[in-house]
Novice: 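Below is the structure I would like to discuss, written out as structure tokens.
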Amino acid sequence: MADRIPDSILRFDGVSRDFSAQAGLFGRKRTMRAVDGVTLDIPRGKVTGVVGESGCGKSTLARLALHLLKPSAGHVYFEGHDLAGLKPAALRRQRRHMQMVFQDPYSSIDPRFTIRDAVMEPFQVHGIRHTPAEGREKAARLLEMAGLDPQLAERHPHQLSGGQKQRVGIARALALEPDLIVLDEPTASLDVSIQAQIVALLADLRSRLGLTYLFISHDLGLVRYFCDRIVVMYLGAAVEILPSTDAPHRHPYTRTLMESAFLPDPERRRTVTRLSGEIPSAFERPPGCAFAARCPVASGRCYAEKPVLPATDPHPVACHHPLD
Amino acid sequence: MSLLAVTDLSVAIGMVPLLDRISFSLDRGEVLGLVGESGSGKSLTAMTLMGLLPLIGGRITAGRASFDDFDLTILPEARYRALRGRRIALISQNPMTSLDPILTVGAQIDQASRLHAGLSAAAARARSLDLMHQLRIPEAAAIHGQYPHQLSGGMKQRIVIAMALAGDPDLIIADEPTTALDVTIQAQIIQILSDLVAERGVALLLITHDMGVVAQACHRVSVLYAGRCAETGTVHDIFARPRHPYTKALIGCIPREGQAPGTLVGIPGMVPTAFTYPKGCRYHPRCTVAAAECRTEVPAGSILDRSGGGGIVFCHHPLEAAHG
């Protein structure tokens, strides 16, 4: 396809994911579409940010990227391989090259493990054996890469602070020398002084190891600082892809998101526009644009016809009335 | 004399001292931001002022806290009950800690009005609807009859604010009121709280870790670190002319628009807990300008002579005021 980013490590091609829920024991079964027809290339060596509010589908997208969830429709290609088409052994081989760092470092590490066990777990999963001396050496090197004192290897997770635990999560993600790391809100449960440390570590690792990141966050300020390009999601769909962090936003929702984020500067307070309504339910998706009911520039067409994200545009926006 | 005056207040839980000589004051029509990272003592301050320390085995060990003519440090529980809800209201981070899941939200606002303002059932309902209108809750009559689980997080928080207003309080203590909410909803809630202060002359103690919220909503700010005051001042002075190295570093942890890559570094080290408090200034292990006395001597407060505001800084080597 002509629109494809030439060196894309991961490609979402019309990917949707449904979840079903039942209202009560005898209630009717309802289906909710968490991710809705996302087509997206993740360029190698860059940081692609995915930003949106709760329920926008960004965490589901992260899990689809690593095939931790199967798409209900569409395909996810990693290095050109359709992940759904791979046999379990082949999928496991591909998974070595893609890793994930989760939001909650408290629940992503087994509390009975020592820190060394936690960091060495990926090798076990992939059947890679080390002598005890090699294992100690390897774990120490990984902990150092994540900015931790190798002497912490004998400790248990509860003896570490939140920031240290997240560094363990990063060390573990690095163990198999992946090419792609999906970061799902990696700093959302940390204090800001620690968040900035972790972001600095991630930036340093990326440039040293040539990693590609898919960075999921609700924090637009952080995404604009850390990412090379930004995907804005609303109710399961990508509504705008900003090709650079200083590109002017074109979707009214992106503008709303930007104007809602308070700046750390009392001289530049926001005038809060009274955004009417709330995010619609993914169970009852409106027929036209999902943002229409809250949008200041919506027209009749927006309620009837769903805007699509153009495939060939360098700065695509899914809107009938994009801002200039 | 201020509506709320806290002077050298110290609090311990069991044998563990947690708050150490906290001071601040707050007047009607004013928003004071109490800001700090985890373990700074923000929420414990809120519990202390609400007279809830006995519930967690805590006690005031020194200092004064007065509200209007009441000495909160010696106020018996029976008299505290007359203040709570009626003159001092609390809004917590998670609205479900304040809402009963088996009662309609309307019944809960009505109950607050009947309890605190002594209204009849019919008058309470009318007052609830009026409060809901003031908080710009759409279709207030319909929402009045709904249960908490039927409402979004932002709507639930508005219901909690309506309950807080039912007693027509003089002081509202809001403990991280928007931390669990999306940014567009956060902007609405902060706007509502700001309007309440401007229109009703309520005093608002806004407890938050978010410097963006502080910059947007507060008149004055008190920065806490590890159970002690670091610095107090007007919001403009705190952001433009911070004197405590921690205040400056904390502001520097938030990415700004157009911030160059690699310039966000965070604060080295970690936030101490009550069991790991260092001697001297509790910030000294992370401080870039710490000297010998910082490691041994607790810094006393120095009164600042700043244009338009004043303030206090607790530091042996405050930053120069020259810039800004």
Side-chain angles (χ1 to χ4, degrees), chain A residues 47 51-56 147 160-164 187 189-201 203-204 207 218-228 245-246 253 256-279 281 294, chain B residues 36-40 136 138 152-155 180-192 194 209-219 221 234-240 246 249-271 273 286:
Chain A
V47 184
V51 70
E53 298 182 275
S54 51
C56 75
L160 269 54
S161 70
Q164 286 175 323
T187 62
S189 54
L190 304 175
D191 277 316
V192 284
S193 70
I194 309 299
Q195 162 174 294
Q197 288 177 7
I198 297 290
V199 167
L201 170 70
D204 176 54
S207 60
H218 69 283
D219 185 339
L220 195 62
L222 189 62
V223 165
R224 290 181 86 183
Y225 169 71
F226 186 56
C227 300
D228 299 310
T245 49
D246 50 7
Y253 175 62
T256 302
L257 210 52
M258 297 236 180
E259 287 179 351
S260 301
F262 296 141
L263 304 172
D265 183 353
E267 314 299 331
R268 294 174 62 201
R269 290 189 171 172
R270 298 296 200 196
T271 321
V272 178
T273 43
R274 302 219 182 284
L275 193 69
S276 53
E278 304 203 3
I279 304 168
S281 158
R294 303 171 79 192
Chain B
E37 298 183 279
S38 55
S40 61
R136 298 171 193 91
S152 68
M155 191 57 74
L181 304 176
D182 280 317
V183 283
T184 57
I185 312 300
Q186 161 169 290
Q188 295 172 18
I189 298 290
I190 292 295
Q191 185 65 46
I192 286 170
S194 299
H209 71 283
D210 186 331
M211 290 304 257
V213 169
V214 171
Q216 174 75 18
C218 298
H219 300 117
V221 183
T234 67
V235 71
H236 298 281
D237 281 334
I238 289 286
F239 280 88
Y246 175 63
L250 190 63
I251 296 165
C253 287
I254 303 144
R256 289 177 177 257
E257 262 177 27
Q259 179 151 3
T263 54
L264 193 74
V265 292
I267 306 177
M270 53 184 112
V271 183
T273 68
R286 306 177 76 189

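Hydrogens, waters and symmetry mates play no part in the numbers below; they use all other heavy atoms, side chains included.
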Novice: In terms of heavy-atom pairs under 4.5 Å, which option from Ala249(B), Cys218(B), Gly252(B), Ser194(B) contacts chain A the most?
Specialist: Cys218(B)
Novice: Any chance you could measure Leu263(A), atom CG, to Arg256(B), atom CZ, to the nearest 0.5 Å?
Specialist: 8.5 Å
Novice: Please check: side-chain N/O of Arg269(A) versus main-chain N/O of Ala215(B), any donor-acceptor pairing under 3.5 Å?
Specialist: yes
Novice: Quick check for you: among Leu264(B), Val183(B), Val235(B), which has the greatest number of heavy-atom pairs under 4.5 Å with chain A?
Specialist: Leu264(B)
Novice: Taking only residues two or more places apart in sequence, or in another chain, which ones meet Tyr246(B) in a ring-ring contact (aromatic ring centres under 6.0 Å, His included)?
Specialist: Tyr225(B), Tyr283(B)
Novice: Do Tyr225(A) and Thr263(B) come close enough that some side-chain heavy atom pair is under 4.5 Å?
Specialist: yes
Novice: Which atoms of Ala260(B) come close to chain A, meaning under 4.5 Å heavy atom to heavy atom: side chain ones, backbone ones, both, or neither?
Specialist: backbone
Novice: Measuring heavy-atom distances to chain A, does Val213(B) have an atom under 4.5 Å in its side chain, in its backbone, in both, or in neither?
Specialist: both
Novice: Under 4.5 Å between any side-chain heavy atoms of Ile190(B) and Phe262(A), yes or no?
Specialist: yes
Novice: May I ask you to name which of Arg286(B), Gln186(B), Gln216(B), Glu37(B) has the most heavy-atom pairs under 4.5 Å with chain A?
Specialist: Gln216(B)
Novice: For a side-chain contact (heavy atoms from CB on, under 4.5 Å) with Ser54(A), tell me which candidate from Leu181(B), Ile185(B), Asp182(B) qualifies.
Specialist: Asp182(B)
Novice: Apply ring-ring contact (aromatic ring centres under 6.0 Å, His included) to Tyr253(A) and list each qualifying residue two or more places apart in sequence or on a separate chain.
Specialist: Tyr234(A), Phe291(A)
Novice: Using a cut-off of under 4.5 Å for heavy-atom pairs, which of Met211(B), His209(B), Glu257(B) has the most such pairs with chain A?
Specialist: Glu257(B)
Novice: Between the side chain of Gln197(A) and the main-chain N/O of Gly269(B), is any donor-acceptor distance below 3.5 Å?
Specialist: yes
Novice: Side chain from CB out, backbone as N, CA, C, O: work out which of these in Arg270(A) comes under 4.5 Å of a heavy atom of chain B, or both, or neither.
Specialist: both
Novice: Test Cys253(B) against every option in Val192(A), Asp191(A), Ile194(A), Val199(A) by the side-chain contact (heavy atoms from CB on, under 4.5 Å) rule and name the one that passes.
Specialist: Val192(A)
